[in-house]
Amino acid sequence: MSGSANRPVRRRAFVLGSAAAAGSAALSGPLATAASAAAFGYTDDGSNYVVDTGANLVFKVSKTNGDLTSLVYRGVEYQGYGGMNSHIESGLGSSTVSVKQSGSTILISVAHGTLKHYYAARSGENNIYLWTNKADTSVSATRYIVRVRKGLFLNDEPDSYTYTNSTIEASDVFAKSDGQTRSKHFSKRRVTDYDYIGWAAGGVGLWIVRSNHEKASGGPFYRSLLRHQSADGGGLYEILYYGQNQTEEQRFGLQGPYVIAFTDGGAPSSSLFPGTLTTPWADSLGISGYVGASGRGRVAGVGITGRNTAYPYTVGLANSAAQYWGSARASDGYYSIGGVLPGTYTLTVYKSELAVYSTQVTVSAGATTTLNSTTIPSSNDPGNANAIWRIGDWTGTPSGFKNADLMTYAHPSDSRAAAWTGNVVIGGGSETSAFPCYLWKDVNSGLLVYFKLTAAQAAAAHTLRIGVTTAYANGRPQVTVNDAWTSAIPSPPTQPSTRSLTNGSYRGNNHTFTYSVPASAWLTDTGQYNVLKINVVSGSGTTGFLSAGTAVDAIDLLA
């Protein structure tokens, strides 16, 4: 694909078109179907409820299991690959499915045990609105997947594996002949970075507009698979709960709406975006767990002081039932988070992705909870501490470190990655970019940092800090200074137990390791370099990039 075909039409989009799909609207043979009827309504073909939106979209929902069995836009069938339908997880199985029409809205309800799922269509719209209410763990229900026929949206993006079948890890990470890697996990985006995902080609755009994720888990910076493309077809996901590299317990309740949207190739309407979409037309439909706008509240803060204005700040709300977030205004830290279910939440202020302040806030239905100006204590931001030297900055991310950006959309073995080995000299001006973002026991343990101290500095004990953002297999740093002093092996902090460093995510639980280095460890000759060795220790993990490892946030030696 050409680069121009991949450019997003909006900052928060994945737009993946291809010339190969340019003629899709004129397909013949098995992909050709009858043109959309003009009248809004539904029929029963014996096996499915068939909904005509009265625009260019006709779709079918199975009466036996609630699968989306057909998705026809402008006479072209888009649904399905490998004989599979679009559905919750891999399909619910036998379910009770019903339909009703209320004026300009058609609602199809699917009940499978304690799980309730809904499809809604509006007259004259090329959209399908979906809600899913998961009450417990009796149904896995971690995702809704729209399965798209092959040949319609070809691409060779990081989250595809269309052009390779060389598996390099598990069954979901692949390598091309040029050494570049591909996986459905390599989405590159955090939840807060996108409103919709999908593809555009041949004058057609097919998108999923995400929900507000109030019942999802992991917070605004969570990363998970969003779509994939293979020789068999493509998949678009709305992740309801994803256990991989997860930092929170699963939440239950109604999630949605999320929207399957067709366009003429452009972005879906911004009126469908989370935080913008309103659905007063759904208030009286009887959707289980539905709470309309009147049953929700808002939190607003007049400002945040004590910020480092070089970084963005995010304000999050979370409790066991729901999560929300919003950006703090760069000029003064003002924020407003609406559509919040009533309850008491922990409010957290993040500098980039590092939590630097928290408090409790209570939200009431139909009301705005206004908070006075919040001051972040200087000591809450480790970046404010006076340091002799510092590698990176304290942001809760490995941003700026070697290979950091690439690792959100590639495997560490990717041919584009710079060497994971190599030592660092303080004072050269490129310490951060020379330091690898990830350290593994079996790959680059034993990395050396060279630095000089003044006589006064060498005469005193100092605190060394290493901040990490996640770890795999309990990988954690043990340090040695000048072969004269070695730290104890630190206890492993709580981190996700699944893969992380190899599937596009550095996001776990931020943790700071501190080491009290005695004055006797330093060299007294100020002309010589002190040598800090950082080893990764763990009794777990396997080999190579699946050996125990950790992601680096910042490293500094305090004055």
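Everything quoted here is computed from the prediction, not taken from an experiment.
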J.: Under 3.5 Å, is there a donor-acceptor pair between the side chain of Ser217 and the main chain of Glu249?
T.: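 Present.
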
J.: Do you see a donor-acceptor pair shorter than 3.5 Å between the side chains of Asn127 and Glu125?
T.: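 Short answer, yes.
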
J.: Are Asp156 and Arg182 ion-paired here, with the side-chain N under 4.0 Å from a carboxylate O?
T.: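 Yes, Asp156 and Arg182 are salt-bridged.
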
J.: What distance separates Ile106 CD1 from Phe40 CZ, expressed to the nearest 0.5 Å?
T.: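 These two atoms lie 3.5 Å from each other.
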
J.: Kindly state whether the ring of Phe221 and the ring of Tyr350 have centres lying under 6.0 angstrom apart.
T.: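 Phe221 vs Tyr350: aromatic centres under 6.0 Å.
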
J.: Decide whether Ser505 and Ser500 meet the rule of one side-chain donor and one side-chain acceptor closer than 3.5 Å.
T.: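 Note: Ser505 and Ser500 side chains miss the donor-acceptor criterion.
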
J.: Step by step, would you call Ser211 with Glu238 a side-chain hydrogen bond (donor to acceptor under 3.5 Å, both in side chains)?
T.: CA-CA 8 Å; Ser211 70; Glu238 166 71 347; 2.7 Å; yes

J.: Which heavy atom of Thr247 sits nearest to which heavy atom of Arg507, and what is that distance?
T.: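 What the structure gives for the nearest pair is CG2-O, 4.5 Å.
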
J.: Got a second to check how far Tyr194's OH is from Arg189's CZ, nearest 0.5 Å?
T.: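 Rounded to the nearest 0.5 Å, the OH-CZ separation comes out at 10.5 Å.
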
J.: Check whether any side-chain heavy atom of Lys215 lies under 4.5 Å from a side-chain heavy atom of Tyr241, and answer yes or no.
T.: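 Side chain of Lys215 against side chain of Tyr241, heavy atoms only: no contact under 4.5 Å found.
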
J.: Measure the acute angle between the ring planes of His228 and Tyr81, then classify it against the limits of 30° and 60° as parallel, tilted or perpendicular.
T.: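 His228 vs Tyr81 ring planes: perpendicular.
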
J.: Is any side-chain heavy atom of Phe262 closer than 4.5 Å to one of Arg74?
T.: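 No; the side chains remain at least 4.5 Å from each other.
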
J.: Any side-chain to backbone donor/acceptor pair from Tyr222 onto Tyr242? Under 3.5 Å, distance only.
T.: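 A pair under 3.5 Å: yes.
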
J.: Hey, are the side chains of Pro496 and Thr470 touching, using non-hydrogen atoms and a 4.5 Å cut-off?
T.: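 Pro496 vs Thr470: side chains touch.
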
J.: Report yes or no: do Glu89 and Thr142 form a side-chain donor-acceptor pair below 3.5 Å?
T.: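 On atom types as modelled, these side chains qualify, holding a pair under 3.5 Å.
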
J.: For the residue pair Trp199 and Tyr78, is the inter-centroid distance of their aromatic rings smaller than 6.0 Å?
T.: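 Judged by ring-centre distance (under 6.0 Å), Trp199 and Tyr78 do not meet the cut-off.
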
J.: Is it the case that the side chain of Thr164 and the backbone of Phe174 share a donor-acceptor pair, with hydrogens and angles ignored and the cut-off at 3.5 Å?
T.: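 Not at all, since once roles are kept as given, no pair shorter than 3.5 Å links the two residues.
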
J.: If we ignore angles and hydrogens, is there a donor and acceptor under 3.5 Å between the side chains of Ser104 and Trp281?
T.: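 No, no side-chain donor-acceptor contact under 3.5 Å.
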
J.: So Tyr144 and His117, would you call those rings parallel, tilted or perpendicular, with 30° and 60° as cut-offs?
T.: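 It falls in the parallel class, under 30°.
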
J.: Does some side-chain heavy atom of Leu154 sit less than 4.5 Å from a side-chain heavy atom of Gln229?
T.: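 SC-SC contact between Gln229 and Leu154 confirmed.
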
J.: Calculate, to the nearest 0.5 Å, the distance between atoms CG and OH belonging to Leu254 and Tyr290 respectively.
T.: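 So the CG of Leu254 and the OH of Tyr290 are separated by 9.0 Å.
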
J.: For Thr397 and Ser352, test the side chains for any donor-to-acceptor distance below 3.5 angstrom and give the result as yes or no.
T.: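 There is no such pair (donor and acceptor under 3.5 Å, judged by atom type) between the side chains of Thr397 and Ser352.
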
J.: For residues Ser288 and Trp131, determine if any side-chain heavy atom of one lies less than 4.5 Å from a side-chain heavy atom of the other.
T.: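 SC-SC contact between Ser288 and Trp131 ruled out.
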
J.: Taking the side chain from Thr132 and the backbone from Gln255, do they hold a donor-acceptor pair closer than 3.5 Å?
T.: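 No; zero donor-acceptor contacts below 3.5 Å.
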
J.: Side chains of Arg143 and Leu240: does their closest heavy-atom pair fall under 4.5 Å?
T.: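 Heavy-atom side-chain distance check fails, nothing below 4.5 Å.
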
J.: Among side-chain atoms of Gln246 and Thr498, is any donor-acceptor pair under 3.5 angstrom?
T.: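 Looking only at side-chain atoms, Thr498 and Gln246 do not form any donor-acceptor pair under 3.5 Å.
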
J.: Please report the shortest heavy-atom distance between Leu152 and Val148, naming the atom on each side.
T.: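 Closest heavy-atom pair between Leu152 and Val148: CD1-CG1, 4.2 Å.
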
J.: On a heavy-atom basis, which atom in Thr263 and which in Pro268 lie closest, and how many Å separate them?
T.: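 Smallest heavy-atom distance, with atoms named: CG2-CA, 3.8 Å.
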
J.: Does the structure place the NZ or CZ of Lys63 under 6.0 Å from the centre of the six-membered ring of Tyr49, at an angle of no more than 45° from the ring's axis?
T.: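 Yes; both conditions hold, so Lys63 lies above the ring face of Tyr49.
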
J.: Donor-acceptor check, side chain of Asn212 to backbone of Glu214, threshold 3.5 angstrom: yes or no?
T.: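 Pair found, side chain donor or acceptor close to backbone of Glu214.
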
J.: Looking only at side chains, do Arg223 and His185 share a donor and an acceptor under 3.5 Å apart?
T.: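 Note: Arg223 and His185 side chains miss the donor-acceptor criterion.
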
J.: Check the pair Tyr42, Val61 against side chain to side chain contact (heavy atoms under 4.5 Å, CB included), reporting the backbone distance first and the verdict last.
T.: CA-CA 11 Å; Tyr42 74 89; Val61 175; over 6 Å; no

J.: When you compare the side chain of Ser62 with that of Val97, does any pair of heavy atoms fall below 4.5 Å?
T.: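 Val97 does not reach Ser62 side chain to side chain.
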
J.: Roughly how far, to the nearest 0.5 Å, is the NZ atom of Lys351 from the OH atom of Tyr311?
T.: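 These two atoms lie 5.5 Å from each other.
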
J.: Between atom CG of Asn319 and atom OH of Tyr345, what is the distance when rounded to the nearest 0.5 Å?
T.: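 Here the rounded value is 5.0 Å.
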
J.: Regarding Asp136 and Ser138, is there a side-chain donor-to-acceptor distance under 3.5 Å anywhere?
T.: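 A pair is found: one side chain offers a donor N or O, the other an acceptor, under 3.5 Å apart.
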
J.: Can you give me the closest heavy-atom contact between Ala170 and Arg499, atom names plus distance?
T.: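 Smallest heavy-atom distance, with atoms named: CB-NH1, 3.9 Å.
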
J.: Spell out, as yes or no, whether a donor-acceptor pair under 3.5 Å connects the side chain of Thr368 to the backbone of Arg298.
T.: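 Checking the backbone N and O of Arg298 against the side chain of Thr368, no donor-acceptor pair under 3.5 Å is found.
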
J.: So, does Thr369 use its side chain to make a donor-acceptor pair with the main chain of Thr362 at under 3.5 Å?
T.: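 At least one qualifying donor-acceptor pair exists.
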
J.: Is Asp232 reaching over with its side chain to a backbone N or O of Gly82, donor-acceptor style, under 3.5 angstrom?
T.: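 Pair absent, no side-chain N/O of Asp232 close to backbone of Gly82.
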
J.: What closest approach, in Å, do Ser95 and Leu92 show between heavy atoms, and which atom pair accounts for it?
T.: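 Distance-wise, the nearest heavy atoms are OG-CB, 3.9 Å.
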
J.: With distance as the sole test, does Lys60 use its side chain to make a donor-acceptor pair with the main-chain N or O of Leu71 at under 3.5 Å?
T.: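 No, Lys60 side chain to Leu71 backbone: no donor-acceptor pair under 3.5 Å.
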
J.: Would a 4.5 Å heavy-atom cut-off, applied to side chains only, mark Gln244 and Ser224 as touching?
T.: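 When only atoms from C-beta onward are counted, Ser224 and Gln244 do not touch, as no gap falls below 4.5 Å.
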
J.: Decide, yes or no, whether a salt bridge links Lys188 with Asp193 under the criterion of side-chain N to carboxylate O below 4.0 Å.
T.: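 Asp193 and Lys188: not salt-bridged.
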
J.: Might you point out which heavy atoms bring Ile208 and Leu236 nearest each other, and give the distance in Å?
T.: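 Looking at all heavy atoms of both residues, the closest pair is CD1-O, 3.7 Å.
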
J.: Between Gln79 and Ser86, is there a side-chain donor-acceptor contact under 3.5 Å, judged purely by atom types and distance?
T.: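 Yes, Gln79 and Ser86 have a side-chain donor paired with an acceptor closer than 3.5 Å.
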
J.: Is there a donor-acceptor contact under 3.5 Å from the side chain of Asn48 to the main chain of Val50?
T.: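 Judged by distance alone, no pair lies under 3.5 Å.
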
J.: First locate atom NZ of Lys100, then atom CG of Leu285, and finally report the distance between them rounded to the nearest 0.5 Å.
T.: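 The NZ atom of Lys100 sits 5.5 Å away from the CG atom of Leu285.
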
